[in-house]
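All remarks here apply to the structure that follows.
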Amino acid sequence: MQDLKLFLPTPIENISLDGHNFYLKRDDLIHPDFSGNKARKLYYFLINDFPNISKIISYGSAQSNAMYSLSVLANIKGWEFEYIVDHIADFLRENPHGNYAKALANGMKLIVNNEYVSNNTQSHDNGILFIEEGGRQKEAGYGLETMAKEIIDWQITNNVQKLNIFLPSGTGTTALFLQKHCYLLNAEVKTIIHTTPCVGNSDYLKEQFFMLESDERLHPTILEPQKKWHFSKLYREHYKIWLKLHQQTGIEFDMLYDPIGWQVLLANMDKLDGEIMYIHQGGVLGNESMLPRYQRKYKDMV
Ligand SMILES: *Cc1c(COP(=O)(O)O)cnc(C)c1O
């Protein structure tokens, strides 16, 4: 079993980008292998004991950050880990790299099944713990409640009366639970969560919110992306802002969600009144497979 010390609460730093000042919540620093919002979403399973469980089953894409984080969780717990994908590219199968290679090294068993449909029922039967794609399930709320508390404590200590928080979404689980718990903690400060869809459009994201929470007052605010970007495709403007972030802040961001997040945030600055905090949700381990692709495609950019 691997030892796991989580670095919590995560620090909040000051950064500036193109002359705008932001607070940055460094959830990427939680742990080198188990970081960002996946550590928050899986926190419940990490800190509790499940003597009857011996295996995790989940599904999603063959390079996802969630898949890698689940392999780390399984490793720490001494559980088996089965992961279902609807397909895997020949190149990846023959040349494992990135999250896929690291998850295999942690003992993940990959199953290709293009007819697999999640039945949305989570059972602890037969010693199996079923985790929805990207950790989209109610237990994720537990770790995000602790993040909401960290932020609100910081707001009170620093007398930040009104805070706009921005984070890019995939399943929307992180943004939803963060908004819900900031609202329910009902502190003397105001905390508003803004997000943008990186996978699918705003309607899809809204549906995801409703799967977890029927009370719309607890949903985050959605900022519309200025362009239709396809998830995990390479775009010059994504690479450009990723490089700029690195140059101006010295911090490495993820290459899938953060380039979209920062472009949408910068385009909507006039709509946000008050202080702004960006959540660094980790995911930088996935850059190992993305960065060489960007470097090959945009050789002129450094
Ligand atoms: C998984 C992930 C997201 C998306 O999180 P959701 O809770 O699915 O919205 C965003 N950023 C990074 C870096 C991630 O790894």
Side-chain angles (χ1 to χ4, degrees), residues 10 24-44 58-73 98-100 102-103 118 131-145 147-148 165-181 193-202 204-213 219-223 225 229 231-232 238 241-242 245 251-265 278-291:
T10 54
L24 183 68
K25 177 111 173 116
R26 299 291 306 271
D27 263 28
D28 56 316
L29 301 180
I30 293 178
H31 185 271
D33 289 314
F34 194 72
S35 78
N37 68 352
K38 305 306 181 290
R40 297 286 188 181
K41 290 196 275 189
L42 297 171
Y43 188 66
Y44 175 83
S58 188
Y59 66 101
S61 97
Q63 266 306 18
S64 88
N65 294 335
M67 172 193 73
Y68 174 64
S69 298
L70 283 170
S71 78
V72 176
L73 177 67
N99 285 332
Y100 175 64
K102 287 196 289 254
S118 155
I131 305 277
E132 286 291 343
E133 179 166 22
R136 190 197 59 230
Q137 53 197 52
K138 64 177 188 328
E139 289 88 347
Y142 195 86
L144 288 155
E145 184 179 1
M147 166 142 67
I165 295 184
F166 182 88
L167 69 166
S169 280
T171 65
T173 310
T174 309
L176 185 276
F177 282 122
L178 193 57
Q179 178 64 85
K180 176 174 176 172
H181 288 291
I193 315 295
H194 307 265
T195 188
T196 197
C198 299
V199 183
N201 60 16
S202 298
Y204 160 84
L205 185 56
K206 198 77 194 157
E207 277 169 34
Q208 301 281 311
F209 291 159
F210 274 115
M211 285 170 83
L212 293 167
E213 177 57 60
H219 289 189
T221 309
I222 298 177
L223 299 176
W229 288 298
F231 188 63
S232 86
H238 288 6
I241 197 157
W242 184 84
L245 278 159
I251 294 166
E252 182 177 357
F253 285 85
D254 132 279
M255 300 190 92
L256 283 171
Y257 298 91
D258 289 324
I260 297 177
W262 280 105
Q263 286 174 87
V264 173
L265 177 56
Y278 190 95
I279 312 282
H280 192 323
Q281 303 181 84
V284 291
L285 288 175
N287 291 354
E288 182 192 311
S289 55
M290 291 295 285
L291 185 55

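Start at 1 with the first residue, then count along the sequence. Whatever order the structure lists ligands and atoms in, that order sets their numbers, starting from 1. Please read these numbers as outputs of a predicted model, since none were measured by experiment.
- Rounding to the nearest 0.5 Å places CG of Leu212 at 9.0 Å from CD of Gln137.
- Shortest non-hydrogen contact noted between Gly170 and Val199 is CA-CG2, 4.0 Å.
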Quick check for students: name every N or O atom pair between ligand 1 and the protein closer than 3.5 Å, with distances.
{"unit_1": "ligand 1", "atom_1": "5 (O)", "unit_2": "Asn37", "atom_2": "ND2", "d": "2.8"}
{"unit_1": "ligand 1", "atom_1": "7 (O)", "unit_2": "Lys41", "atom_2": "NZ", "d": "2.8"}
{"unit_1": "ligand 1", "atom_1": "7 (O)", "unit_2": "Thr174", "atom_2": "N", "d": "3.0"}
{"unit_1": "ligand 1", "atom_1": "7 (O)", "unit_2": "Thr174", "atom_2": "OG1", "d": "2.6"}
{"unit_1": "ligand 1", "atom_1": "8 (O)", "unit_2": "Lys41", "atom_2": "NZ", "d": "3.2"}
{"unit_1": "ligand 1", "atom_1": "8 (O)", "unit_2": "Thr171", "atom_2": "N", "d": "2.8"}
{"unit_1": "ligand 1", "atom_1": "8 (O)", "unit_2": "Thr171", "atom_2": "OG1", "d": "2.5"}
{"unit_1": "ligand 1", "atom_1": "9 (O)", "unit_2": "Gly170", "atom_2": "N", "d": "2.8"}
{"unit_1": "ligand 1", "atom_1": "9 (O)", "unit_2": "Thr171", "atom_2": "N", "d": "3.3"}
{"unit_1": "ligand 1", "atom_1": "9 (O)", "unit_2": "Gly172", "atom_2": "N", "d": "2.8"}
{"unit_1": "ligand 1", "atom_1": "15 (O)", "unit_2": "Lys38", "atom_2": "NZ", "d": "2.7"}
{"unit_1": "ligand 1", "atom_1": "15 (O)", "unit_2": "Asn65", "atom_2": "ND2", "d": "2.7"}

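- Shortest non-hydrogen contact noted between His31 and Ser35 is O-CB, 2.9 Å.
- Aromatic ring orientation, Tyr278 versus Trp262: parallel (interplanar angle below 30°, classes split at 30° and 60°).
- Of the options His219, Gln208, Lys180, a side-chain hydrogen bond (donor to acceptor under 3.5 Å, both in side chains) to Glu213 is made by Lys180 and by none of the others.
- A side-chain N or O of Asp27 and one of Thr10 form a donor-acceptor pair less than 3.5 Å apart.
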